[in-house]
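Report on the structure given below.
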Amino acid sequence: MFSHLPSLQLLLLNSNSFTAIRDDAFAGLFHLEYLFIEGNKIETISRNAFRGLRDLTHLSLANNHIKALPRDVFSDLDSLIELDLRGNKFECDCKAKWLYLWLKMTNSTVSDVLCIGPPEYQEKTLNDVPSFDYECTTTDFVVHQTLPYQSVSVDTFNSKNDVYVAIAQPSMENCMVLEWDHIEMNFRSYDNITGQSIVGCKAILIDDQVFVVVAQLFGGSHIYKYDESWTKFVKFQDIEVSRISKPNDIELFQIEDETFFVIADSSKAGLSTVYKWNSKGFYSYQSLHEWFRDTDAEFVDIDGKSHLILSSRSQVPIILQWNKSSKKFVPHSDIPNMEDVLAVKSFRMQNALYLSLTRFIGDSRVMKWNSKRFVEIQALPSRGAMTLQPFSFKDNHYLALGSDYTFSQIYQWDKEKQLFTKFKEIYVQAPRSFTAVSTDRRDFFFASSFKGKTKIFEHIVVDLSL
């Protein structure tokens, strides 16, 4: 448009009806020093509108309809001395973050940038906005990798600075061990433990040894140990078949530097049993109770004391407390009015203790410890839920509520409301577990699927100011 006027130094475009300034609108005006585009109806300015104006010293965009400017729109203006933005009313939200930072750094003299919104900043200047850091990021979950097989549980462990994942695959009769590949940036197959109808693979690290408890529906359950010379997992010991009939959950815990795990047994003939490490192997240490068809066991520290919470299809969740003198778990209390709870998970936020209780149909619950008992703080509608899993990445706290009939729902903790609010829907066929895994400063969660493909989602931080 102006390429035939390369020596032009002053350009006045006032009181026209311009609504936009496009990329390279002033191409060829290499010596332009004064540019006044005042009293128009400009609403949008393209990112490269002022490209090439390296000699420009004075720019006025006063009295237009500008509410936002694209990031770094003034980056080519090396000589800018004065910028006039009066008579425009800006949205002082995340999209103005770059301008806020630029105003603090630039040597140019800039008129006040007046805000029209958000409501709390109306009629204030952009410089009065306290900070953008927290408000200008959000998070999201995106599919990172899809594994072409079904699974029911996922466990993660670290060994020698590497991150591994053990996945129970009943239909393929495998416990698949994956390793994070630092070069390809994905999870790859590392080893395979075969069995019959494997429903759980739980890693246990003792000193430099790595064990995996493999719970099976048939043929007994076993413990495998990683053998350095074979660079694979080899069978280490059996778990008595007479005690464990239909394993449903494996929970690992430590009390007074001793390592234990408990297997929740969901058959009428089974006995949920605690096992203890004795430097040579794991032996059955305590049977917890008979005839209750336990579906889940959760170890939780309540006010400095060790407890187990057992969920069962036949009664409300019961709380067992560790007795320091007898060194056994003894019945302590229960969680009343909570029948048909499939699983209980514990988690902490801001030093407070919470429980998530999964119900297949009806309302799953979130409860909080109030120094005397657990009180309900929220009900979450369940539609075929086999898992309500809490997990956190830095200061972001989530609950993943599975569904066999519709989309699974991720909730995020809202600090102001002190409740979980709906965050994102994800589709996983018949989800059975959600497991958080972090490696190479990246955060993932695995969604196991009983009827479809296992999915790995990455938790990403999105900068809203871009």
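The residues of the chain are indexed from 1 along the displayed sequence.
Between Asp443 and Lys394, at least one side-chain N (NZ, or NE/NH1/NH2) sits under 4.0 Å from a carboxylate O, which counts as a salt bridge. Look at Glu228 and Lys160 and you find a salt bridge, because one of the NZ, NE, NH1 or NH2 atoms lies within 4.0 Å of a carboxylate O, short of that distance. Salt bridge status for Glu123 with Lys89: present, with a side-chain N to carboxylate O gap under 4.0 Å.
Heavy-atom contacts from other residues, nucleotides or ligands closer than 6.0 Å to CZ of Arg51 number more than 12. The neighbour count for Lys67 NZ, taken as heavy atoms of other residues, nucleotides or ligands under 6.0 Å away, does not exceed 12. Other residues, nucleotides and ligands place no more than 12 heavy atoms under 6.0 Å from the CG atom of Asp208. Counting non-hydrogen atoms of other residues, nucleotides and ligands closer than 6.0 Å to CZ of Arg47 gives a total above 12. Environment of CG in Asp440: crowded, with over 12 heavy atoms of neighbouring residues, nucleotides or ligands closer than 6.0 Å.
Every salt bridge (Lys or Arg N to Asp or Glu O under 4.0 Å) that Arg442 has, sequence neighbours left out, goes to Glu458. For the side chain to side chain contact (heavy atoms under 4.5 Å, CB included) test, residues two or more places apart in sequence or in another chain that qualify with Ala343 are Asp296, Thr358. Residues that satisfy the ring-ring contact (aromatic ring centres under 6.0 Å, His included) test with His397, not counting sequence neighbours, are absent from this structure.
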Give the C-alpha distance, both sets of side-chain angles, the deciding distance and a yes or no for side-chain contact (heavy atoms from CB on, under 4.5 Å) between Asp340 and Phe360. CA-CA 8 Å; Asp340 300 320; Phe360 188 70; over 6 Å; no
Candidate pair Phe457 and Phe446, rule ring pair (Phe, Tyr, Trp, His ring centres under 6.0 Å), full reasoning: CA-CA 6 Å; Phe457 293 85; Phe446 282 64; 10.0 Å; no
Please step through salt bridge (Lys or Arg N to Asp or Glu O under 4.0 Å) for the pair Asp303 and Lys305, ending with a clear verdict. CA-CA 6 Å; Asp303 295 336; Lys305 294 178 180 174; over 6 Å; no
The test is side-chain contact (heavy atoms from CB on, under 4.5 Å); show your working for Leu399 and Phe391 and say whether it passes. CA-CA 6 Å; Leu399 279 177; Phe391 61 99; over 6 Å; no
Ring pair (Phe, Tyr, Trp, His ring centres under 6.0 Å) between Tyr224 and Phe211, intermediate numbers included: CA-CA 5 Å; Tyr224 287 76; Phe211 301 93; over 10 Å; no
Tell me, with the steps shown, if Phe423 and Trp413 meet ring pair (Phe, Tyr, Trp, His ring centres under 6.0 Å). CA-CA 9 Å; Phe423 180 72; Trp413 180 251; over 10 Å; no
Stepwise side chain to side chain donor-acceptor pair (under 3.5 Å) test for Ser60 and Glu38: CA-CA 6 Å; Ser60 177; Glu38 300 177 354; 2.6 Å; yes
Trace of the side-chain contact (heavy atoms from CB on, under 4.5 Å) decision for Ile410 with Ile426: CA-CA 8 Å; Ile410 299 176; Ile426 58 170; 4.2 Å; yes
Derivation and outcome, ring pair (Phe, Tyr, Trp, His ring centres under 6.0 Å), residues Tyr354 and Trp369: CA-CA 6 Å; Tyr354 297 82; Trp369 178 251; over 10 Å; no
Asp128 and Leu126: side-chain contact (heavy atoms from CB on, under 4.5 Å), yes or no, with the steps? CA-CA 5 Å; Asp128 294 331; Leu126 183 56; over 6 Å; no
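Counting only distance, with no hydrogens or angles, the side chain of Ser46 and the backbone of Asn48 share no donor-acceptor pair below 3.5 Å. Using modelled atom types, one side-chain atom of Asn64 and one backbone atom of Ile37 make a donor-acceptor pair closer than 3.5 Å. A distance-only check finds no donor-acceptor pair linking the side chain of Tyr149 to the backbone of Thr454 [under 3.5 Å]. Between the side chain of Thr156 and the backbone N or O of Val165 there is no donor-acceptor pair closer than 3.5 Å. For the pair Asn88 (side chain) and Leu61 (backbone), a donor-acceptor distance under 3.5 Å is present. Distance alone, capped at 3.5 Å, is enough to place a donor-acceptor pair between the Asn16 side chain and the Asn14 backbone. Put simply, the side chain of Arg432 never gets that close to the backbone of Thr387: no donor and acceptor are under 3.5 Å apart. Without hydrogens or angle criteria, Thr138 side chain to Val462 main chain gives no donor-acceptor distance under 3.5 Å. Judged by distance alone, the side chain of Asp93 and the main-chain N or O of Lys95 form a donor-acceptor pair under 3.5 Å. Judged by distance alone, the side chain of Asp207 and the main-chain N or O of Gln209 form no donor-acceptor pair under 3.5 Å.
Between Trp180 and His182, the angle of the ring planes goes over 60°, which puts this pair in the perpendicular group of the 30/60° scheme. Ring geometry for Phe187 versus His144: interplanar angle over 60°, hence perpendicular rather than tilted (30 to 60°). Between Phe141 and Tyr398, the ring planes lie perpendicular to each other; the angle is over 60°, past the 30° to 60° tilted range.
The side-chain contact (heavy atoms from CB on, under 4.5 Å) with Ile335 is formed by just one residue from the set Met367, Arg365, Glu376; it is Met367.
Within the 4.5 Å cutoff, no side-chain heavy atoms of Tyr190 are placed close to those of Asp181. A 4.5 Å side-chain heavy-atom check between Leu103 and Asn127 finds at least one atom pair inside the cut-off. Here the side chains of Phe253 and Phe261 are not in contact, with every heavy-atom distance at 4.5 Å or above. Side-chain contact between Arg54 and Asp76 is present, with heavy atoms from C-beta onward closer than 4.5 Å. Residues Phe50 and Val73 are in side-chain contact: their nearest non-hydrogen atoms beyond the backbone lie under 4.5 Å apart. Two residues are said to be in side-chain contact when any heavy atoms from C-beta on lie closer than 4.5 Å; Gln412 and Asn396 meet this criterion. Two residues are said to be in side-chain contact when any heavy atoms from C-beta on lie closer than 4.5 Å; Leu69 and Trp98 meet this criterion. Between Phe420 and Leu401, the closest side-chain pair of non-hydrogen atoms is not below 4.5 Å.
Across all their heavy atoms, Arg383 and Thr406 have their closest contact at CD-CG2, 4.1 Å. For Thr435 against Val154, the heavy-atom pair with the smallest separation is OG1-O, 3.0 Å.
Atom-to-atom distance recorded for Ile81:CD1 and Thr57:OG1 is 5.0 Å, nearest 0.5 angstrom. The structure places CD1 of Ile45 at 11.0 Å from CZ of Arg22, a figure rounded to the nearest 0.5 Å. Taking CG of Asn186 as the start and CZ of Arg188 as the end, the distance is 8.5 Å to the nearest 0.5 Å. Rounding to the nearest 0.5 Å gives a distance of 4.0 Å between CD of Glu298 and OG of Ser346. From Thr439, atom OG1 reaches atom CZ of Phe444 across 7.0 Å, with rounding to the nearest 0.5 Å. Expressed to the nearest 0.5 Å, how far CD1 of Ile167 lies from CD1 of Ile198 amounts to 12.0 Å.
Because its NZ or CZ atom is not both nearer than 6.0 Å to the ring centre of Phe347 and within 45° of the ring axis, Lys345 does not count as a cation-pi partner of that residue.
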